Amino acid sequence: MKKFLLKLCSNFIFNRAKRRAWRAFHCSNAAQRGNRVWIIKDGKKEPLKHVIPGLELLMNASNAQVEIAYPWNMENAYLKIGTDNAKVYIGPNTKLKNVQINLDCGHDQTLFIDDGATFEGAKIWIFENSGLHIGKGCMFSDEIHIMTGDGHAVQDMATGQYLNVDFHKLVIGDYVWCGRGAFITKNAQIPSHSIIGARAVVTKAFTEGHTALGGNPAKIIKRGLTWHRLTAAQMLQKEPENK
């Protein structure tokens, strides 16, 4: 009994992140409103039974579906679903560190993060009736901002027309490296094998992969590139092994 109490204290009572995550999902009426959280492991999908360490999940919606594939790496990650009928998938080997994800101000929103994507610090807002798709193996540095909508209506005073009602999915392809402080807006499309420079502001759709994008607004600054997660020095050390 003593060992059990000590384990309970160390693993839950004294662990603030776990307490907050437990309160956010289990102590609300999320399940009663049709929300479901699934864990995918070894090809099997099972309902979430335990708190995922490092992840705070808040579901203030109805009929939202969340699937998280094992293994994962969560540290100070926050996921808030505030829209009905939302669908979220987080693939295996995903790293979410210092990440805030908000689905808000719409319905039927989608978030898809494919296998092996890693985040060191990002704020992601999914607005309107839109979505976000992030491909395999992407690497995001810190201070990243991604927004699929404006968050507020813009109206033409002369005509009364609302000017920002074109909702669509923001797509980031496979193996994209996003540098520190980059900002990706609702109209962006980023092809696979792209590099987004530090502080770049991507505001439109690009179609040519293996390029580096930089500037505000971002444009292609170099073509015919690829990148590696290792540093240049580490890659040079590996080259003799590959010859």
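From a predicted model like this one, the values you see are computed outputs, not experimental measurements.
Across Gly214 and Ala200, no two heavy atoms sit closer than the pair CA-CB, 4.0 Å. Between Ile144 and Gly181, the closest heavy-atom pair is CD1-N, 3.9 Å. Considering every non-hydrogen atom in both Asn129 and Gln109, the closest pair reads CA-CG, 4.5 Å. Among all heavy-atom pairs drawn from Ala117 and Gly135, the shortest one is CB-O, 4.2 Å.
Distance CD1/Ile172 to NE2/His133: 9.5 Å, rounded to 0.5 Å. To the nearest 0.5 Å, atoms CD1 (Ile220) and CZ (Phe206) are separated by 6.0 Å. From Leu48, atom CG reaches atom CD of Glu67 across 12.5 Å, with rounding to the nearest 0.5 Å. Here CG of Leu103 is found 10.0 Å from CE of Met59. Values are rounded to the nearest 0.5 Å. Distance check: Glu128 CD to Asp108 CG gives 13.5 Å after rounding to the nearest 0.5 Å. In this structure, CD on Glu56 lies 9.5 Å from CD on Gln100, to the nearest 0.5 angstrom.
In terms of hydrophobic clustering, with Ile, Leu, Val, Met, Phe, Trp and Tyr side chains grouped at heavy-atom distances under 4.5 Å, Tyr175 and Met139 are assigned to a common cluster. No continuous path of hydrophobic side-chain contacts links Ile101 to Met147 [ILVMFWY only; heavy atoms under 4.5 Å]. In the hydrophobic cluster analysis, where Ile, Leu, Val, Met, Phe, Trp and Tyr join through side-chain heavy atoms closer than 4.5 angstrom, Leu55 is grouped together with Phe119. Under the 4.5 Å side-chain contact rule for hydrophobic residues, Phe127 and Leu132 do not share a cluster.
Of the possible donor and acceptor atoms, one in the side chain of Thr231 sits under 3.5 Å from a partner among the backbone N and O of Gln234. Under the 3.5 Å distance criterion, the side-chain polar atoms of Asp84 are matched with a main-chain donor or acceptor of Ser62. Side chain of Gln155 to backbone of Gly160: a donor-acceptor contact under 3.5 angstrom is found. Arg33 places a side-chain N or O within 3.5 Å of a backbone atom of Ala61 that can act as its donor or acceptor partner.
Put simply, the side chain of Ile221 does not reach to within 4.5 Å of the side chain of Leu213, judged on heavy atoms. Between Asn102 and Ile126, the closest side-chain pair of non-hydrogen atoms is not below 4.5 Å. Residues Ile196 and Cys178 form a side-chain contact, since some pair of their non-hydrogen atoms from C-beta on lies under 4.5 Å apart. No side-chain heavy atom of Thr148 sits under 4.5 Å from any side-chain heavy atom of Trp125. Under the 4.5 Å side-chain criterion, counting only non-hydrogen atoms from C-beta, Ile52 is in contact with Ile39. Considering only heavy atoms from C-beta on, Leu58 stays 4.5 Å or farther from Ile81 through its side chain. Here the side chains of Ile40 and Ile68 are not in contact, with every heavy-atom distance at 4.5 Å or above. At least one side-chain heavy atom of Trp38 sits less than 4.5 Å from a side-chain heavy atom of Gln65.
A salt bridge does not link Lys136 to Asp115: none of the charged side-chain nitrogens sits closer than 4.0 Å to a carboxylate oxygen.
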Please tabulate, one pair per line, all N/O donor-acceptor pairs under 3.5 Å involving side-chain atoms of residues 90-99, not counting sequence neighbours.
unit_1	atom_1	unit_2	atom_2	d
Thr94	OG1	Gly91	O	2.6
Lys95	NZ	Glu120	OE2	2.6
Asn98	OD1	Asn76	ND2	3.0

Extract all donor-acceptor atom pairs below 3.5 Å that involve side chains of residues 183-195 and protein atoms in other chains or at least two apart in sequence.
unit_1	atom_1	unit_2	atom_2	d
Thr185	OG1	Val202	O	3.2
Lys186	NZ	Asp150	OD2	2.8
Gln189	NE2	Lys169	O	3.0
Ser192	OG	Asp174	N	2.9
Ser194	OG	Pro191	O	2.8

Handout entry: Steps toward side chain to side chain contact (heavy atoms under 4.5 Å, CB included) verdict (Phe140, Ile134)
Key = CA-CA 11 Å; Phe140 295 83; Ile134 296 176; 3.8 Å; yes

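Ring orientation note: the planes of Trp227 and Trp177 are tilted relative to one another, at an angle of 30° to 60°.
The list of side chain to side chain donor-acceptor pair (under 3.5 Å) pairs with a residue in residues 200-216, not counting sequence neighbours, reads Glu208-Arg223.
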